[in-house]
Each structure stands twice: as structure tokens, then as C-alpha cells.
There are 2 protein chains.
Amino acid sequence: MNIGEVAERSGLPPKTIRYYEDIGLVRPQRSDNGYRAFRETDLHKLVFLGRARALGFSIEDCRTLLGLYEDESRESAQVKAIAEEHLTAIDDKISQLRDMRQTLSQLIDACHGDHRPDCPILSDLSGTPG
Amino acid sequence: MNIGEVAERSGLPPKTIRYYEDIGLVRPQRSDNGYRAFRETDLHKLVFLGRARALGFSIEDCRTLLGLYEDESRESAQVKAIAEEHLTAIDDKISQLRDMRQTLSQLIDACHGDHRPDCPILSDLSGTPG
DNA sequence: TATAGGGCTTCCAGTCACTGGAAGCTCAAG
DNA sequence: CTTGAGCTTCCAGTGACTGGAAGCCCTATA
């Protein structure tokens with residue numbers, strides 16, 4: 001498979017796949033003409049990476065997960081630990097965003113949003129009381 | 001004020017303040033010795049920036065908001081529009097994260113997490129049915 | 001056979017918002 | 001006069017790509 005086909009089938013852009021090769025996540029062979037030659041196992045790995053990234057795992061997590069995926073003697077506890085840590089990080093982000101959302105929507109509600117210049121949003125940002 | 005004091009009072013690291021000067025968000029004067037000389041208005045701006053960033057506004061949004069903040073003839077509708085667009089972006093991110101969270105926590109629940117190698121998390125990532 | 005195009009290659013630069021570190025100047029205290 | 005903190009600039013790195021240029025490869029058509 002050339003990169004175009006594997007991109008199509010994995011759903012990842014060719015640029016991303018080349019990048020993944022650069023950082024050693026996949027190691028496709030090469031054809032005589034210099035083109036990357038992907039095997040089915042490479043495709044599987046790329047699909048794996050696409051899904052893991054879609055779940056928000058970092059590239060380094062993905063690298064570790066791929067390693068575990070290929071390690072027949074892994075312990076599922078290792079995978080679960082990584083996933084749980086990531087879940088905690090997601091929860092942290094969600095609660096940060098919720099805090100932002102809360103403050104911001106209050107400010108938006110307080111702003112009349114017309115042609116007049118006075119604006120509770122700017123007042124709050126500037127620290128002006130009131 | 002030197003950068004140390006303004007950093008202390010604004011809560012922003014000196015590095016960040018220098019960066020904000022680099023990109024033109026603040027324009028402190030200079031003392032004879034070459035040190036940045038911040039006035040109270042510079043401090044106000046930095047506090048404003050710190051709060052706006054804490055609400056997740058991008059630097060470019062911050063630049064626009066600062067402009068409106070300093071523009072006496074602004075219309076509050078302009079500010080509100082920026083804030084509303086940002087709120088939408090926050091909501092989008094929250095729902096993305098919630099989707100991730102949902103999938104991930106299901107996988108975690110399904111994984112026994114012991115010394116055995118079989119793992120629903122890896123199965124799902126690899127696309128293996130079951 | 002010439003050529004046009006699309007796909008492939010590499011390499012460099014840019015994104016966003018900082019952050020770390022090196023080399024060197026300035027200033028106040030002891 | 002030295003020490004050390006604080007200030008300066010400049011360069012490089014972060015994460016995970018993404019865009020673009022220059023150029024090779026392959027196939028189809030005139």
C-alpha cells in the first residue's frame with residue numbers, strides 16, 4: 001500500500017502518517033522507487049493510533065499503548081492505569097472548562113450588548129468593581 | 001515599576017510579560033539602564049490579560065478585547081459577540097471531552113486490570129470486535 | 001515520444017502561548 | 001570590591017501536526 005491508500009483506509013492524513021513515521025510510531029518498508037510500502041499491520045497500527053488520539057491520549061501515551069498492544073505478555077493493569085490517569089486529566093479539563101463557562105456566561109448575561117459602551121464583561125476583566 | 005514587581009502584582013511570570021511586549025500587547029517604557037519601566041496602566045492591562053486568558057480567550061481575542069477596553073466609543077455588542085463566540089467554543093470542547101470521557105470510562109470499567117494480558121481497552125483501540 | 005497530471009519524496013517553516021536556558025549587563029548590600 | 005539578585009537579549013524547545021516548495025515517479029493520452 002502506498003501512503004494515499006493507507007491514509008484513506010486509516011482516516012489519517014498522509015502528513016500525519018509521515019509524521020508518525022518520523023517519530024517512530026510506524027516503520028513502513030520502502031519500495032524500490034522510494035515510496036513507503038505499508039503492510040496490513042502498519043494499517044492496523046495507524047487505525048489504533050487514530051482511535052487512541054481521538055480519545056485524547058497523548059502521543060507518548062499512544063507510543064506506550066502501542067507497545068503494550070504488541071506485547072503479548074502485557075498486564076491489563078498497565079493499560080488500565082494509563083487510561084485511568086488520562087480519565088483524571090480529562091475530568092480536570094472538563095471542570096476547568098466548566099468554571100470558565102460559568103463565569104463567562106454570567107458576564108454575557110449581564111451585558112446588554114447594544115450600542116452603548118458600558119460593558120460588565122470588560123469591567124470584570126479590568127477588575128473594576130461593579 | 002520593574003518587571004519583577006509588575007509580575008508579582010499581575011500574577012503573570014516575567015517571561016510571559018516580555019512575550020506580551022514582543023507581540024505588542026503592552027508597550028512599557030524603558031529606563032535609562034534599559035530596564036522596562038511599567039506604569040499603572042500597563043499593570044492594569046496585564047491584569048486584564050491575565051483574567052481574559054484565564055477565561056480561555058485566545059491571544060488574538062485578548063488583543064481585540066484590550067482594544068475595545070481602551071476604546072471609549074466601543075459598543076458593548078462587540079464585546080458580547082466575542083464572548084458568545086468563545087462560549088460556544090468552550091461548549092464544543094466540553095462536549096468533545098464528555099464524549100471522550102464516556103467512551104473511556106466504559107472501557108476502563110470493562111477492563112479487569114490485573115496481570116492477565118487480555119484487555120478491552122486495547123481491543124477497542126485496535127478495532128478488534130468484542 | 002512528448003507531456004500533463006497526480007502522487008510521492010524531502011525539508012523547512014509556521015502554528016499557539018509560552019517556557020527554559022545561556023551569556024552578559026545593572027544594581028544594592030555587605 | 002565582590003556577591004548575588006534582577007534585569008537584558010537571543011535562541012531553542014514544547015505538542016501534534018500542517019502548509020508549502022522543489023523535485024522525482026508513474027500512468028495516460030495526444
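So that the names make sense, note that chain A is the first sequence line, chain B the second, and so on, each numbered from 1.
Atom CZ of A:Arg27 is surrounded by 12 or fewer heavy atoms from other residues, nucleotides or ligands within 6.0 Å.
B:Tyr35 pairs by the ring pair (Phe, Tyr, Trp, His ring centres under 6.0 Å) definition with nothing, not counting sequence neighbours. Residues satisfying the ring pair (Phe, Tyr, Trp, His ring centres under 6.0 Å) criterion with B:Phe48, sequence neighbours excluded, are B:Tyr69.
Remark: A:Leu46 CG to A:Glu21 CD distance equals 10.0 Å, nearest 0.5 Å. Within the model, atoms NE2 of B:His115 and OG of A:Ser73 stand 12.5 Å from one another, a figure rounded to the nearest 0.5 Å. In this structure, A:Leu49 CG and A:Thr16 OG1 are separated by 10.5 Å, a value rounded to the nearest 0.5 Å.
A:Arg18 comes within contact range of at least one nucleobase, with a heavy-atom separation under 4.0 Å. Using a 4.0 Å heavy-atom criterion, one finds that B:Tyr20 contacts the sugar-phosphate atoms exclusively.
For the contact set between residues 33-43 of chain B and DNA chain D, defined by any heavy atom under 4.0 Å, the members are B:Gly34, B:Tyr35, B:Arg36.
A salt bridge between B:Asp42 and B:Lys45 is absent, with no side-chain N of the basic residue lying under 4.0 Å from a carboxylate O of the acidic one. Salt-bridge formation is detected for the pair A:Arg63/A:Glu60: a Lys NZ or Arg NE/NH1/NH2 atom is positioned less than 4.0 Å from an Asp or Glu carboxylate oxygen.
Atom OH in A:Tyr19 sits about 18 Å away from atom P in C:dT9, given to the nearest Å. Across the protein-nucleic acid pair, B:Ile23 atom CD1 and C:dC16 atom P stand 10 Å apart, rounded to whole Å. A:Lys15 places its NZ atom 11 Å from the C1' atom of C:dT9, with the value rounded to the nearest Å. The separation between B:Glu21 atom CD and C:dA17 atom P is 18 Å, rounded to whole Å. Atom CD1 in B:Ile59 sits roughly 19 Å away from atom P in C:dG14 (whole-Å rounding).
Nearer the 5' end of DNA chain C, as judged by each residue's closest nucleotide, is the contact made by A:Gly4, out of B:Thr16 and A:Gly4. Comparing B:Ser58 and B:Asp32 by the nucleotide of DNA chain C whose heavy atom lies nearest to each, the residue mapping closer to the 5' end is B:Ser58.
Put simply, the side chain of B:His86 gets close to the backbone of B:Leu55: a donor and an acceptor are under 3.5 Å apart.
Once you apply a 4.0 Å limit to the heavy atoms of chain A, the touched nucleotides of DNA chain D run 5' to 3' over D:dA16 to D:dC26.
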Quick one: side chains of residues 94-102 of chain A, donor-acceptor pairs under 3.5 Å with protein atoms, not counting sequence neighbours, listed by atom name and distance.
residue: A:Ser95; atom: OG; partner: A:Asp92; partner atom: O; Å: 3.2
residue: A:Arg101; atom: NH1; partner: B:Asp91; partner atom: OD1; Å: 2.6
residue: A:Arg101; atom: NH1; partner: B:Asp91; partner atom: OD2; Å: 2.7

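Contact between A:Ile17 and A:Ala7 at its shortest, heavy atoms only, is CD1-CA, 3.6 Å.
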What does the list of N/O pairs under 3.5 Å between the protein and nucleotides 28-30 of chain C look like, with a distance for each?
none

